[in-house]
Amino acid sequence: MAGPEEDRLAFVAFFQARFPEIPLAEFANGIYAIDSDARDQWLDIEDFPPYEFTIDAGETLWQDPFANGKTYSNCFADPIEDIRPQYPRFDAGSGEVVTLELAINNCRSANDEPLFAYDGKEITAITAFLAYESRGQKLDIRVPADDSRALDAYETGKQFYYTKRGQLNFACSDCHGISSGQYVRADRLSTGLGHPTHFPVYRSKTGGMVSLHQRFSGCVRDVRAVPFELQSIEFRNLEYFLAYMSNGFEVNGPASRK
Amino acid sequence: MRNKIIVLFSLITMAPLALSEDVLKQGKNLALERGKGNCLACHSIEDGQLPGSLGPPLLAMKARFPDRERLRLQIHDASSNNRHSRMPPFGRHQILTAEEIELIMDYLYTL
């Protein structure tokens with residue numbers, strides 16, 4: 001059976017063959033890697049990034065001590081730029097995939113602080129700050145070979161990605177793989193390769209920050225399926241698979257998108 | 001009630017060579033409406049705005065689909081022709097009723 005690394009090489013090769021003229025690292029820019037018209041507008045927006053205040057707000061939240069005097073840095077790796085690239089990671093203790101969002105809330109609960117809502121401003125502010133601190137660091141997602149539960153989680157996420165669902169009967173791979181670069185109405189489809197590198201994202205459509213899981217949720221709803229909860233085990237496993245596919249890509253979040 | 005009338009109407013008008021403009025318009029609307037066929041999401045059709053490009057342009061339907069059953073099957077359940085089809089199974093997943101598919105086909109055959 002092919003393991004995660006064989007999967008990744010095949011995933012990368014698929015998109016390189018599909019878009020031979022696009023330098024590999026560019027896929028981290030989503031649809032702007034492919035669509036040169038949209039790219040110009042996007043570069044203009046990135047000159048005055050709409051997520052700048054969010055990064056500042058995240059830094060403040062990150063540094064604010066908890067009631068017990070400790071801070072987030074007590075829960076996370078040092079130096080700070082090493083944090084983002086290591087998530088999602090498989091946690092042997094719980095036997096589950098832990099995303100950055102979940103790790104932040106785990107840290108809060110360990111310090112007797114109330115949890116952040118996964119659709120709230122605080123959590124995307126902190127992840128935006130951490131992504132910003134890690135810009136240029138390479139994604140380093142690991143599926144430990146000595147723990148079969150990690151491979152199971154990866155395989156479950158992979159299966160999710162390729163399974164057709166909803167009334168419209170689409171798999172993630174139907175749109176972001178075999179149809180990438182094509183149009184659904186006026187929307188051009190980005191490649192699944194590079195998807196997890198740049199989150200959270202400021203969306204001009206909603207005028208706010210969205211997490212990767214909120215994006216998952218939107219796409220699942222669009223195929224008229226019932227979305228899973230943000231940070232559900234299903235979405236965490238999906239993120240584990242998808243992030244592994246982008247291993248070696250540089251963190252380039254936060255980013256702006258339509 | 002309205003649906004019944006449409007169905008009745010389309011059944012009556014199926015036999016004669018020329019379909020009434022009204023029936024064709026019903027079919028066209030069903031094909032284009034976002035909550036119904038939304039065929040433009042993936043196919044270009046006549047002068048429809050902002051067509052998608054997942055599927056081939058819908059044109060010359062009479063020449064390409066002389067067999068009405070084959071066309072019906074493609075719309076009812078595209079996966080019966082191509083297991084990996086990226087076209088939604090409109091009939092099988094009850095996005096469109098059998099009657100609505102008939103109306104859409106009547107319209108498609110004018111393309």
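Below, chain A is the first sequence line, B the second, and so on; all start at residue 1.
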Which portion of Arg188(A) sits near chain B, non-hydrogen atoms under 4.5 angstrom | neither
Considering residues, nucleotides and ligands other than Arg64(B), do more than 12 of their heavy atoms fall under 6.0 Å from its CZ?
-> yes
Residue pair Ile95(B) / Arg224(A), side-chain heavy-atom distance below 4.5 Å | yes
For Arg83(B) and Lys164(A), work out which heavy atoms get closest and say how close.
-> O-CE, 4.2 Å
Where does His43(B) contact chain A at under 4.5 Å (heavy atoms): side chain, backbone, both or neither?
-> neither
CD (Glu46(A)) with more than 12 external heavy atoms under 6.0 Å = yes
Taking every non-hydrogen atom, the tightest pair across Arg185(A) and Arg34(B) = NH1-NH2, 3.4 Å
Applying a strict 4.5 Å limit to non-hydrogen atoms, the region of Ser79(B) in contact with chain A is neither
How close do Asn169(A) and Pro89(B) get, heavy atom to heavy atom, and via which atoms?
-> CB-CD, 3.4 Å
Spacing of CG belonging to Leu54(B) relative to CG belonging to Leu189(A), to within rounding of 0.5 Å | 6.5 Å
Would you mind reporting whether Phe170(A) and Pro88(B) have side-chain heavy atoms less than 4.5 Å apart?
-> yes
Neighbour count >12 (heavy atoms, 6.0 Å) for atom CD, Gln159(A) = no
Rounded to the nearest 0.5 Å, what separation is found between the CD atom of Gln167(A) and the CZ atom of Arg92(B)?
-> 11.5 Å
Counting heavy atoms not belonging to Ile178(A), are there more than 12 under 6.0 Å from its CD1?
-> no
What do you reckon, is OH of Tyr162(A) surrounded by more than 12 foreign heavy atoms closer than 6.0 Å?
-> yes
Is a side-chain N or O of Ser53(B) found less than 3.5 angstrom from the main chain of Tyr183(A), in a donor-acceptor match?
-> yes
